[in-house]
Student: 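Handing you this structure, nothing more for now.
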Amino acid sequence: MKLQDTLELHVKTAVKALFQSELESVEFQATRKEFAGDITIVVFPMLSVVKGNPAAIGEQIGEYLQNNVDLVKSFNVVKGFLNIEIADSYYINFFNSIKDSEDYGFSKNKDDKAVMVEYSSPNTNKPLHLGHVRNVLLGYSVAEILKASGKNVYKTQIINDRGIHICKSMLAWKRFGNGETPESTGLKGDKLVGNYYVEFDKAYKKEISELIAKGQSEEDAKKNAPVLLEAQEMLRKWEAGDKDIVALWETMNGWVYDGFEETYKAIGVDFDKNYYESQTYLLGKEFIAEGLKTGVFFKKNDGSVWCDLTEDGLDEKIVLRSDGTAVYMTQDIGTAIQRIKDYPDVGGMVYTVGNEQDYHFKVLFLILKKLGFDWAKNLFHLSYGMVDLPSGKMKSREGTVVDADDLIQEMADTAEEISKELGKLEDYSEEEKKSLYKIIGLGALKYYILKVDPKKRILFDPKESIDFQGNTGPFIQYTYARIQSILRKSNQDSSVTLSQFEMQLQDKEKQLLKQLEQFPVVIQNAAEQHSPALIANYTYDLVKDFNSFYQNVPILGADTEHEKAFRVALSKTVGQTIKNAFGVLGIDVPERM
RNA sequence: GGUGGCAUAGCUCAGCUGGAUAGAGCACCUGCCUUCUAAGCAGGCGGUCCUAGGUUCGAAUCCUAGUGCCAUCACCA
């Protein structure tokens, strides 16, 4: 039984014995550093049942607990707070129960219903940038956290592979590309296609100004520019299945997928299944037709199909254009249904998408409910804040985006620079060094992004590089490496049992044990709240405590063998917990650094 | 204008279902490497928790109103 639950029973018994009153619940909190004790009972809420002075009541309950409960070693009362010191034996028993477990913190019970997490939805006309990076890191981590909390999880992405934006790149490539390929240029496929998207925009802008010079209004010029008309014509041909256009579309999308794959691999994320909008929008249309029959949707005079959500406090929403073509909503309805068809064990889905689409997902979930799907009540939009630059929003066409591949490389470069200054890796091979720089650089980037609450927007200043000191990924990785160094030197048989030790825990040791005890709770909270930030902040607290212990208490140089054995085992368990916590954040830990 | 989100130290962020004197990191200042990795430790400086009301034993936290920033309200995605 959990410490709190045990104590709660005893406190209720105490109150009954002392005051002949029944408590509904007992309020606990961690004892603040400046007071003696491990756990604190707040007396104030009891006053509604027990009349009297809070401090005096606290004294009496404390006295009772000390005399009747073995766990309670001593107590003190400050105002209405009853601080209780827990016996060392409790913490030693706890430690023995977890110290050899490699998956400490992870739930062993598995739900039979799975959850699908979507955490990337790129367009295939340009490379991934910092905004996608936040999306991907967040979603990957939430998927891993859900797994750790006992869920079966499928990771997926939705690739927006059709539409006018792709035709723009295709058209520009046809016009100016001279048959260039990733092989002929040495460029990553997504970069090559992205370049032509920019080329299109240049040509488009040029034609607009030419038309304006000829006397057209800006509005007309934007509509009449020949390249745009041609791109639109291309889209119509694509939808009609024109062989050449479809072939070109397949080729260029193929280049982009290869490029994306490389970036995902560099980031260290993967997917169990990819979905493509070109393959799901038709299913969406089917269900629009279905919904028309059942009255979920209605048709306007011009032929467009809508869903009336005014009774739910929203507006009318279009689900099919008057020309019968699909909109975004159509595709998303189709994709959701397709996923449940493919994975019947899925009972809910998480969509990792920026908060600019809050309204869209509110509507999507509502429509799926109206269509009568029982899984529709378990849909969650993991909405996150934008990543802004000091100059404002990132815009690909204005060249103000922070490219994902470049960013990852820069982080590794910074790690290399710092490592060289510190000069601790002389005996490493070039290959080992390179892999370590990547681990550290990525660790810095991922931690930087994941430690902030998903809801909040992030301001990223490319000129001020991400820190490697303080509350950062490398700081935590460094602590892990230190622990591994101790383990290498100790040569300790890890199977020691510590219950036999007659020992007095030091404050720093007890603090670590208390912190370790929290880890499974933190995992569950993070899963419920879909927040990797909780894991990141927990890990930082744990690591701060460990470093304080490390620097103030001798481990290998302990006075007795018993103490040494305990401290080595404690260090090992902290290391394992760091590894597990960082694992669900998608961050690697190094053996040395 | 309607709706939603955010607002805590110079900067970046914590602060769990309301609880003790609001916490970290960066930056700035002081100490600590011939003992387990100084990407570290120990300490100092730094606050109108956006504003005004309200709820109560008690509010950064909950409620109301206002201010500021962001997003959204398209036959765009």
Side-chain angles (χ1 to χ4, degrees), chain A residues 27 29-35 40 42-45 47-48 54 78-81 83 121 123 160 163-165 277 300 302-306 313-315 317-329 331-332 354-360 362 383 385-386 388 392-393 415 418-419 421-422 424 440 444 448 451-453 455-459 461 464 466-479 481-490 521-522 525 529 533-534 536-538 540-541 543-544 547-558 564 567-568 571 592-593:
Chain A
E27 193 173 319
Q29 61 183 275
T31 305
R32 295 181 62 118
K33 269 201 226 108
E34 56 266 42
F35 304 107
T40 294
V42 187
V43 180
F44 298 107
L47 296 179
S48 55
V78 182
K79 294 191 244 174
F81 298 92
N83 303 317
S121 40
N123 292 353
N160 185 17
I164 187 76
H165 47 288
E277 294 192 339
K300 290 197 176 175
D302 62 5
S304 57
V305 178
W306 296 72
L314 304 173
D315 295 325
K317 188 75 187 176
I318 188 159
V319 292
L320 209 59
R321 291 193 189 98
S322 51
D323 62 3
T325 57
V327 292
Y328 190 39
M329 191 61 74
Q331 297 174 166
D332 272 4
N355 63 11
E356 60 204 346
Q357 292 190 35
D358 285 355
Y359 183 74
H360 172 78
K362 214 183 257 180
S383 161
M386 297 288 99
D388 289 324
K393 230 181 157 171
I418 294 174
S419 296
E421 270 171 40
L422 296 172
K424 296 178 187 177
I440 298 171
Y448 176 84
K451 77 170 179 183
V452 334
D453 187 318
K455 282 200 305 279
K456 295 195 176 174
R457 65 182 209 125
I458 289 181
L459 188 71
D461 190 344
E464 283 183 37
I466 291 172
D467 273 325
F468 282 61
Q469 284 171 4
N471 188 358
T472 67
F475 166 68
I476 291 166
Q477 290 171 321
Y478 174 70
T479 304
R482 269 180 156 177
I483 290 171
Q484 301 319 302
S485 172
I486 286 179
L487 297 181
R488 281 192 296 272
K489 286 183 178 159
S490 78
V521 181
V522 172
N525 285 345
Q529 296 181 40
L534 296 181
N537 287 311
Y538 165 79
Y540 176 62
D541 288 337
V543 159
K544 252 196 321 184
N547 276 313
S548 181
F549 162 74
Y550 174 90
Q551 214 112 30
N552 291 290
V553 179
I555 299 169
L556 297 177
K564 181 181 158 189
R567 289 174 192 163
V568 169
S571 302
R592 286 178 50 185
M593 69 186 273

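Worth knowing before you read on, the calculation uses all heavy atoms, side chains too, and leaves out hydrogens, waters and symmetry mates. In what follows, chains carry the letters A, B, and so on, assigned in the order in which the sequence lines appear, proteins first and then strands, with residues in each chain numbered from 1.
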Student: Would you mind telling me which residue lines up with the more 5' stretch of RNA chain B, Glu277(A) or Tyr359(A), judged by nearest nucleotide?
Tutor: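 Here Tyr359(A) is the residue nearer the 5' end.
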Student: Taking atom P of C36(B) as reference, at what distance in whole Å does atom CE of Met593(A) sit?
Tutor: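 For the pair Met593(A) CE and C36(B) P, the rounded distance is 18 Å.
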Student: I'd like to know if Asp467(A) reaches the base of A27(B) with its side chain such that a donor and an acceptor end up less than 3.5 angstrom apart.
Tutor: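 No pair found.
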Student: Any side-chain heavy-atom pair from Phe468(A) and Ile440(A) closer than 4.5 angstrom?
Tutor: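 Touching, per the 4.5 Å side-chain cut-off.
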Student: Which of the following nucleotides, A14(B), G25(B), U72(B), is nearest to the side chain of Glu356(A)?
Tutor: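 Selected nucleotide: U72(B).
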Student: A24(B), C41(B), U37(B): which one has an atom nearest the side-chain heavy atoms of Ser485(A)?
Tutor: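 The answer is U37(B), which lies nearest to the side chain.
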Student: Please verify the inter-ring angle class for His360(A) with Tyr328(A); under 30° counts as parallel, over 60° as perpendicular, anything in between as tilted.
Tutor: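 Rings of His360(A) and Tyr328(A): parallel, as their planes differ by under 30°.
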Student: Within the structure shown, what part of the strands sits under 4.0 Å from Gln29(A) by heavy-atom distance: base, sugar-phosphate, or nothing?
Tutor: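 Base contact.
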Student: Regarding Gln529(A), tell me which of base, sugar-phosphate or nothing describes its non-hydrogen contacts under 4.0 Å with the strands shown.
Tutor: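 Result for Gln529(A) = nothing.
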Student: What integer number of Å spans the P atoms of G44(B) and A22(B)?
Tutor: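 About 15 Å, rounded to a whole number of Å.
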Student: Measure from NZ on Lys451(A) to C1' on G15(B) and round the result to the nearest Å.
Tutor: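 Going from Lys451(A) (NZ) to G15(B) (C1'), I get 15 Å.
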Student: Taking the side chain of Leu422(A) as heavy atoms from C-beta outward, which of A38(B), A39(B), A14(B) is closest to it?
Tutor: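 Within the option list, the nearest is A39(B).
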Student: Using the C1' atom in both, what is the distance from A77(B) to G46(B), to the nearest Å?
Tutor: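 The same atom, C1', in both gives a distance of 46 Å.
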Student: What about Ser548(A): does its side chain form a donor-acceptor pair under 3.5 Å with the base of A42(B)?
Tutor: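 No, the side chain and the base share no sub-3.5 Å donor-acceptor pair.
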Student: Could you tell me whether the side chain of Thr479(A) and the main chain of Phe475(A) form a donor-acceptor pair under 3.5 Å?
Tutor: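 At least one qualifying donor-acceptor pair exists.
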Student: When we call it a touch if two heavy atoms are under 4.0 Å apart, what does Pro54(A) touch: a base, just sugar-phosphate, or nothing?
Tutor: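 If one applies the 4.0 Å heavy-atom cut-off, Pro54(A) turns out to touch nothing in the nucleic acid.
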Student: Closest approach to the side chain of Leu459(A), judged atom by atom: which nucleotide of U12(B), C41(B), A20(B) is it?
Tutor: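 Of the candidates, U12(B) comes closest.
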Student: Select base, sugar-phosphate, or nothing to describe what Thr472(A) touches, counting heavy atoms under 4.0 Å on all strands.
Tutor: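 Nothing, no heavy atom under 4.0 Å.
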Student: Does the structure show Phe81(A) stacking with A20(B), if we require the centres to be closer than 5.5 Å and the planes to be within less than 30 degrees of parallel?
Tutor: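 Taking the rule of under 5.5 Å and under 30°, the ring of Phe81(A) does stack on A20(B).
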Student: Would you classify Val305(A) as touching base, sugar-phosphate or nothing, given that sugar-phosphate means primed atoms plus P, OP1 and OP2, and contacts are heavy atoms under 4.0 Å?
Tutor: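 No contact.
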Student: Can you tell me how far P of C41(B) sits from NZ of Lys544(A), to the nearest Å?
Tutor: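 Checked: the NZ to P distance equals 9 Å.
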Student: What about Thr40(A), does its side chain sit under 3.5 Å from the base of A20(B) through a donor-acceptor pair?
Tutor: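 In this structure, the two groups form a donor-acceptor pair.
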Student: Determine the interatomic distance between C1' on U64(B) and the same-named atom on C28(B); round to the nearest Å.
Tutor: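 Result for the C1' pair: 42 Å, nearest Å.
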Student: Of the listed nucleotides (A39(B), A20(B), A77(B)), which one gets closest to any side-chain atom of Gln357(A)?
Tutor: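 For the Gln357(A) side chain, the nearest candidate turns out to be A77(B).
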Student: Do we count Phe44(A) as stacking onto G19(B) if the rule is ring centres under 5.5 Å and planes under 30°?
Tutor: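 Yes, Phe44(A) stacks on the base of G19(B), since the ring centres sit under 5.5 Å apart and the planes are within 30°.
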Student: For A7(B) and Arg457(A) - does any side-chain N or O of the residue sit under 4.0 Å from the phosphate oxygens OP1/OP2?
Tutor: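 Negative; the distance criterion is not met.
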Student: Let me know the distance between CG of Asp332(A) and P of A77(B), rounded to the nearest Å.
Tutor: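 Rounding to the nearest Å, CG of Asp332(A) and P of A77(B) are 11 Å apart.
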Student: For RNA chain B, whose closest nucleotide is more 5', that of Asn160(A) or that of Leu47(A)?
Tutor: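 Going by which nucleotide is closer to the 5' end, it is Leu47(A).
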Student: A39(B), A77(B), A38(B): which one has an atom nearest the side-chain heavy atoms of Arg482(A)?
Tutor: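 Looking only at heavy atoms from C-beta outward on Arg482(A), the closest nucleotide is A38(B).
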Student: Kindly point out which of A38(B), A20(B), C41(B) is positioned nearest to the side chain of Asn547(A)?
Tutor: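 Selected nucleotide: C41(B).
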Student: Name the closest nucleotide to the Lys456(A) side chain, picking from U3(B), A14(B), A38(B).
Tutor: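 Among the listed nucleotides, the one closest to the side chain of Lys456(A) is A14(B).
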Student: Base, sugar-phosphate alone, or nothing: which one does Ile555(A) contact when heavy atoms must sit under 4.0 Å apart?
Tutor: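 Base contact - Ile555(A) has a heavy atom under 4.0 Å of at least one base atom.
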Student: Could you give the distance separating G5(B) and C63(B) at their P atoms, to the nearest angstrom?
Tutor: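 Per the computed distance, 10 Å lies between those P atoms.
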